[in-house]
Number of protein chains: 2
Amino acid sequence: MTTRRAATPRVTLVDVAKLATVDKAIVSRVINEDPALVIRQETRDRVIDAIRTLGYRPNIAARSLRTAKAGTLGLVIPDFANPVYAEIITGAESAALDRGHVLVTGSTSGSRNGMDRYLELLGQGRVDGLLLAGPTSAREHQKLQSLGLPWMMVNRRDTGDHHRYVILDDAHAAKLAVEHLLSLGHRRIGHVAGPTGADTAKRRAAGYRQAMKTAGITVRPADVARGDYTSGGGAEAMGSLLANAEKSGTPTAVFVANVAMAVGVLDTLRRAGLRVPADVSVVAVHDLPLAEHLNPPLTTVRMPLQQLGGRAVELLLSRAPEEQVTEVVSTATELVLRESTAPPRI
Amino acid sequence: MTTRRAATPRVTLVDVAKLATVDKAIVSRVINEDPALVIRQETRDRVIDAIRTLGYRPNIAARSLRTAKAGTLGLVIPDFANPVYAEIITGAESAALDRGHVLVTGSTSGSRNGMDRYLELLGQGRVDGLLLAGPTSAREHQKLQSLGLPWMMVNRRDTGDHHRYVILDDAHAAKLAVEHLLSLGHRRIGHVAGPTGADTAKRRAAGYRQAMKTAGITVRPADVARGDYTSGGGAEAMGSLLANAEKSGTPTAVFVANVAMAVGVLDTLRRAGLRVPADVSVVAVHDLPLAEHLNPPLTTVRMPLQQLGGRAVELLLSRAPEEQVTEVVSTATELVLRESTAPPRI
DNA sequence: ATCGGTCGTTCAATCGTTTGACCGACAGTA
DNA sequence: TACTGTCGGTCAAACGATTGAACGACCGAT
């Protein structure tokens, strides 16, 4: 039998106060554990009982109005379908929850000017702070600034003078990947890089070049191609690498800047009749669940994406809005060995 | 040069009213486009100018307090990493935005009792309504009920007496898949089903049986195995299908209840030395971007997941809380032909 | 000249919490 | 006895927007 819910007349502080025969101020202070409150244990119990029997829940709107805090954080990502952001969200959400905050995650992919819409909607006191993952423009930085909200970038290093960001150790990840290939005996190692706009791509490319240089190997321009971080882009980029190779031979291994592109790379290689890892070894950045089930299972570099998201929330909440915050999360950046890498033939 | 932001003293209605030399009531009514407001165009312009020059933004907390509406909707999913939910979120978010609402998406995977935490956090007037995708318990239904919020289930049909849900036409999707296999000439068609708890799994299994029956084929119990909608579960289920087959021969085709499990199924087949589609054809439900890049590219049945999410939001916002709402979204449920299905050998 | 009816606008109560200020009672001290 | 503190609370003013009610001015009709 269902209890028919009459339009419940919300139970408020005064209801509780009446039942406990105290002033509502007491109730409020009990709830918020005001350290300045001195009160008999007996009274406190009466209040707590009253709260319980009435099933009282503080009204968030009223509280927000009074305290000028929303208890909510915003996270703007490009696209929910991208598993990299799924990981970041997961970490951020959990950290926010632990600090009693709710996380509003919005994607900009939906509409043409998704970011604007979100800045509009969230910049009215709806959130206490904003986390931006993914690309942003200078104009958006302007707008953000004018909202007067604390905000920072996640997995992106902004180009302006707003030095607040958390990123991963992309260069190190790239180095791990390339050194793995080197240690297997590869000398001719190609790179499917990310888009020019993404600074993560720059750092991974830099790590790749660095590792190659350290090994005393010159990188041929023809062995580096650029994709847009999607599997389609990866497929294309690998295609152009193979095309370039017609005259000068094929790399025996490829370091791919992210897993999504690696999926396309595997595709292209298969269609070209090249076996992985027998003919070409492939290693990519980001150890997403998917990697394990590709054909062949993909060797990757695990990045602490969840920690990244979590750390971003922590920093956003703990640091003063005007304070500079630049942090690199580098825990547990490590190679995950699977079946897509092997020594080169001969 | 950055404008240094002094701690901005929020600009409020009265500031605007003063500048426009009208009462704040006017400003409020102008903003909310109160149809009952009769006002000279000149005055209206003055107000609008004032709003613009001051950069006024209404304070959400105050508005929520007064109107008892949050302008926010909640969506609770099991896990962000599951691309099925990514699609639902995307659709829901876009629909919410179109209606001037913000969507708070929370996952229950984070902590042991994630659902409870969310019901706690969101059930304080933070959201105007709640969408539940994924499994829920009777106890949670109880709690939900006690929050006095409108809520409904998405892609799940609740078992209780709360008849508010939007689902997809799972039986039809299954039929499309199986009929495709039948038309290729397969007679022995296995099924990797979803978990008993999920009613989507039940409907897909029912559709499978229905289609088989219509074709006059008896389904052997050994040809149906159950997985938990993850790729690991799919791999296992396919394993047991192969084990069962030792005595009675292998199915020439498998209908898999979702893409995640199909990934595992392909894995198991590959390890068993069976080629897809030469030895076994595979077709799965849900046409996620991933499907295109599996090896081989997977034939699927596309389901309108985004529409599902969008429709859920629409219904939640438009229907009275006590009204029953049961809808099946079935637009664009169609077969997507790729390379994982082919006629059986001989 | 008076009345009624729009038009254009103002008044003020209200939503539910938080929080600084204030206050009475009682105990201990000088 | 008067004074000073602590204890255990109460009072009331915010926070910023919404909205029903009221109000003065003006116009046309009687």
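Throughout, protein chains are lettered first and strands after them, A, B, ... in sequence-line order, and every chain is numbered starting at 1. No hydrogens, no waters, no symmetry mates; every other heavy atom, side chains included, goes into these values.
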What is the separation between atom CG on A:D34 and atom P on D:dT10, rounded to the nearest whole Å?
14 Å

Tell me the interatomic distance from B:E33, atom CD, to D:dT19, atom C1', rounded to whole angstroms.
17 Å

Option from B:V328, B:L305, B:T331, B:V154 for which side-chain contact (heavy atoms from CB on, under 4.5 Å) with B:L168 holds:
B:L305

If you look at every strand shown and take non-hydrogen atoms under 4.0 Å, does B:L37 touch a base, only sugar-phosphate, or nothing?
base

Roughly how many Å is it from NZ in A:K18 to P in D:dT10, rounded to a whole number?
14 Å

Taking atom CD as the centre, does B:Q142 end up with more than 12 heavy-atom neighbours from other residues, nucleotides or ligands that are less than 6.0 angstrom away?
no

Using whole Å, report how far CD of A:E42 lies from C1' of D:dC7.
14 Å

Can you measure from CG (A:N155) to CD1 (A:I77) and round to the nearest 0.5 angstrom?
12.0 Å

Answer yes or no: is there an ion pair linking B:D98 with A:R117, defined by an N-O contact shorter than 4.0 Å?
yes

Could you check whether A:V22 gets within reach of a base, just the sugar-phosphate, or nothing at all, counting any heavy atom under 4.0 Å?
sugar-phosphate

I'd like to compare against my own output: the B/S/- annotation of nucleotides 12-17 of chain D with a strict under-4.0 Å heavy-atom distance to protein.
-BBBBB

Can you check whether B:R29 has a side-chain N or O nearer than 4.0 Å to OP1 or OP2 of C:dT9?
no

B:D45 CG to C:dG8 P, in whole Å, measures 14 Å

Starting at CD1 of A:I31 and ending at P of C:dT17, how long is that distance when rounded to a whole Å?
7 Å

B:I39 CD1 - D:dT19 P separation (whole Å):
16 Å

Should the pair B:H141 and B:W151 be assigned to parallel (<30°), tilted (30 to 60°) or perpendicular (>60°) ring geometry?
perpendicular

Integer-rounded Å distance: C:dC26 C1' and A:R40 CZ:
12 Å

Name the nucleic acid region contacted by B:S64, choosing base, sugar-phosphate or nothing; use a 4.0 angstrom heavy-atom cut-off, strictly under.
nothing

So, B:E140 and B:K143, do they make that salt bridge, N to O below 4.0 Å?
no

In short, side-chain hydrogen bond (donor to acceptor under 3.5 Å, both in side chains) pairs touching residues 78-89 of chain A with sequence neighbours left out are A:E87-A:Q306

